[in-house]
2 protein chains.
Amino acid sequence: MGRSVTMRTVAEKAGVSTKTVSNVINGTGSFSPETEHRVRAAVEELGYRINPFARGLRSQRTGTIALVLPNVYQPFNAELAEQVIRAPETQGLKVVVETTRGDAERERAVLSTSHKELVDGVIYVPQALTPEEYLPLPLTQPTVVLGERPAQAAGMHLDYVEIADEQGTHAAVSHLLAQGRRRIAALCEQAEPRAGGRRLRGYRRALEDAGVAYDDSLVIGVDNADLWSSGAGAVARLLRTRVRFDALFCYNDVVAIGALSVLTRSGVAVPDDVALAGFDDIDAARFASPPLTTVDPQRATIARRAVSLLRSRMDMEDFRELPGRCESAGFVLRVRRSSSATSGTPGESP
Amino acid sequence: MGRSVTMRTVAEKAGVSTKTVSNVINGTGSFSPETEHRVRAAVEELGYRINPFARGLRSQRTGTIALVLPNVYQPFNAELAEQVIRAPETQGLKVVVETTRGDAERERAVLSTSHKELVDGVIYVPQALTPEEYLPLPLTQPTVVLGERPAQAAGMHLDYVEIADEQGTHAAVSHLLAQGRRRIAALCEQAEPRAGGRRLRGYRRALEDAGVAYDDSLVIGVDNADLWSSGAGAVARLLRTRVRFDALFCYNDVVAIGALSVLTRSGVAVPDDVALAGFDDIDAARFASPPLTTVDPQRATIARRAVSLLRSRMDMEDFRELPGRCESAGFVLRVRRSSSATSGTPGESP
DNA sequence: CCGACCTTTGACAACGATGAACCTCGATGC
DNA sequence: GCATCGAGGTTCATCGTTGTCAAAGGTCGG
């Protein structure tokens, strides 16, 4: 292969010093248009690519951000990752997707020491760690958290992009109530500092606002680790208890599709006997039979806001110079046939 | 924050030289148990973490492999990525997932120059490039390709893990034939050097083996870029043409679920009027209504074989010293209710 | 007791890019 | 006419590790 082509090779070919090459490439310092042209020509001709290790070692910048999620096999996460990678704000950055498998140790490692030198910033979707656990960790790089901003985070130099868990669920359940449903079951992950807890709050508040009594026997927990069968299992249990219900709010679309599968098999008609709503608006939701009513948490917006918050902090001298910020992504209720016999066609929504 | 803790800090604390610290950490050279203990204690106490840039710069090893795919939002890709990350063979390696969006330029870049210094090896799922295009590229690092090994690859130092596209499809279509179906439509991506072409070959061969005539009007192309609506759209077109069909083989499960959605809406009963089979065995397939018969290409096996081939080549002095190898992953036909009224229950298959 | 030989350790020079400091030369201000 | 300035460069040290080589200390056969 011969020696690899370095900045020195380019410099020699262009008849300048390596520093000048560096300047041209990074747009730092000053140089004449003529020099710039010679350097660029040499780069082109030699097929020179900058060595990211050397650069990283020297400048402590990597041009890479990490997206830290529990996994990528759950559609919401996969589609979120896609949005982060595609967001226009991401231009010029590399995104590495890091999965933690919901392992507390891994999450801890990513947030504090381990990544310091590898990435310029982190977008973190907490799963195993509660705010009480992750907030005290010494932050070593700019970080954006996706999820509700806890009160304790006020003083920290951490940015948040809030997902409309509670409001979205409130809207979905209110919609079910508006269809005349009164016995609305909920299949929901119940862990409190997490999305499940927040969605459950939205559920209760919607019932309350409509003056419908909360009934404990209508709420079934699901397990985050295997949502597909969890949804199916939960609905099977619910059917066995013979508790009457005419609607079902599900923690997310995956649970809802699992549930739908069992309902259909059991001869329960959706939406006639039971109206169904999920959360996330994953691609599969539009193509369920019937298409699934769901809350679109606006992944694209989440991704753009997160990257943009992160970038602004990455561009600062010291990323701790700004107090923590917090933005929200909003939501859109996508009403489809699983909750209302007449509206929604597959393939419609943007 | 103070100065960051480097190997020198550790060395001073342990009263040895930096090289000795390096030796202990990497298990190179030799050192007394006593020294080792002192060094490890110092590392522990200072919370020292090796700087990957410095190491990478020096040793040209990164402990990272790249998984290069068109995207991660399609469930097959997401689940494949998960398997690669989780494979026991991956122990001790970091996996970065790189998406190309089916862009030829990006694929080219990853295969030749661009990644050279960042990763020790690449697992590549071709999409935009044909073998004619990617084989001539100068390989700069160990590479494993997922997909059919073309004849031209014989002399190259490239390993392949073959997915049983043709055989799997043959089995699925044969199964449909065994159910007594004779007018079997196919919704398939048709590009020849890719999976679509290979699956279509399996389809034709199965018909042939059963002595059923191939009918061009039963084959409809789908578009890889948006498979969900593509499947739905294709089936809608098929229904409009009024061509009679009693079974449907789909390029993959996503297409199948899109198709199922339209069939159900149009009052076509699955499997009574039309039996349905897909490919990939994504999680969602088990929870479709009815559950989807599909070909499981054994993602876990694919992932393990790929990583293990890659590792062996990474461990060599020069990765070109071994001729190209090729392994196959096999497949399992998962028969569920979409193709046979009596068998298959949701949640059963492993 | 001496040299051969091994084990353990340390000094030093890379790896490739960049920040700090400095040098040169023509233009500008007073 | 002399100090000053900025544009356009350059030189050199340095980021944190690891490969090379040599030295220090110990063992052992003769």
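A note on names: the letters A, B, ... follow the listed sequences, proteins ahead of strands, and every chain is numbered from 1.
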To the nearest Å, give me how far apart [atom1] ([X]) and [atom2] ([N]) are.
{"X": "Arg49(B)", "N": "dC15(D)", "atom1": "CZ", "atom2": "C1'", "result": "20 Å"}
{"X": "Asn51(A)", "N": "dG16(D)", "atom1": "CG", "atom2": "P", "result": "17 Å"}
{"X": "Ile50(A)", "N": "dA17(C)", "atom1": "CD1", "atom2": "C1'", "result": "7 Å"}
{"X": "Arg8(A)", "N": "dA14(C)", "atom1": "CZ", "atom2": "P", "result": "12 Å"}
{"X": "Leu57(B)", "N": "dT18(D)", "atom1": "CG", "atom2": "P", "result": "11 Å"}
{"X": "Arg58(A)", "N": "dT14(D)", "atom1": "CZ", "atom2": "P", "result": "9 Å"}
{"X": "Phe53(A)", "N": "dT17(D)", "atom1": "CZ", "atom2": "C1'", "result": "12 Å"}
{"X": "Met7(A)", "N": "dA14(C)", "atom1": "CE", "atom2": "C1'", "result": "18 Å"}

State, to 0.1 Å, how close [X] and [Y] come at their nearest heavy-atom pair, and which atoms those are.
{"X": "Leu322(B)", "Y": "His157(B)", "answer": "O-ND1, 3.0 Å"}
{"X": "Ala11(B)", "Y": "Thr18(B)", "answer": "CB-N, 3.7 Å"}
{"X": "Gln74(B)", "Y": "Asn224(B)", "answer": "NE2-O, 3.1 Å"}

### Message
To the nearest 0.5 Å, what is the distance between CD on Gln152(A) and CD on Glu132(A)?
### Response
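These two atoms lie 5.0 Å from each other.
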#### Entry: Any pair counted as salt bridge (Lys or Arg N to Asp or Glu O under 4.0 Å), so long as it reaches residues 15-33 of chain A, sequence neighbours left out
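Every candidate salt bridge (Lys or Arg N to Asp or Glu O under 4.0 Å) pair involving residues 15-33 of chain A fails, so no pair, neighbours aside, qualifies.
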### Task
Kindly state each residue pair satisfying salt bridge (Lys or Arg N to Asp or Glu O under 4.0 Å) with at least one member in residues 24-38 of chain A, sequence neighbours excluded.
Glu34(A)-Arg38(A), Glu36(A)-Arg40(A)
#### Entry: Residues touching DNA chain C, which here means a heavy atom under 4.0 Å, drawn from residues 32-45 of chain A
none
### Query
Between Arg61(A) and Asp120(A), is there a side-chain N and carboxylate O pair less than 4.0 Å apart?
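Looking at Arg61(A) and Asp120(A), the cut-off is not met.
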### Query
Base, sugar-phosphate, or nothing: which does Val16(A) touch, judged by heavy atoms less than 4.0 Å apart?
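Sugar-phosphate contact only.
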### Minimum-distance nucleotide (side-chain atoms of Thr20(B) versus dA17(C), dG10(C), dT18(C))
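That would be dG10(C).
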#### Entry: Proximity to the side chain of Thr18(B) - top-ranked nucleotide from dT18(D), dG16(C), dT10(D)
dT18(D)
#### Entry: Thr6(B) side-chain N/O to dG16(D) phosphate OP1/OP2 under 4.0 Å
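Checking dG16(D) against Thr6(B), no side-chain N or O comes under 4.0 Å of OP1 or OP2.
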### Residues in ring pair (Phe, Tyr, Trp, His ring centres under 6.0 Å) contact with Tyr160(B), at least two apart in sequence or another chain
none
### Message
Determine whether a donor-acceptor pair (one donor, one acceptor, N or O, separation below 3.5 Å) exists between the side chain of Lys19(A) and the base of dG9(D).
### Response
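Side chain to base: no pair present.
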### Query
Can you list, by residue number, the residues of residues 24-31 of chain B that have a non-hydrogen atom closer than 4.0 angstrom to DNA chain D?
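Asn26(B), in order of number.
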### Query
What pairs meet the ring pair (Phe, Tyr, Trp, His ring centres under 6.0 Å) rule with one or both residues in residues 13-40 of chain A, with sequence neighbours excluded?
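Listed by first then second residue: nothing to list.
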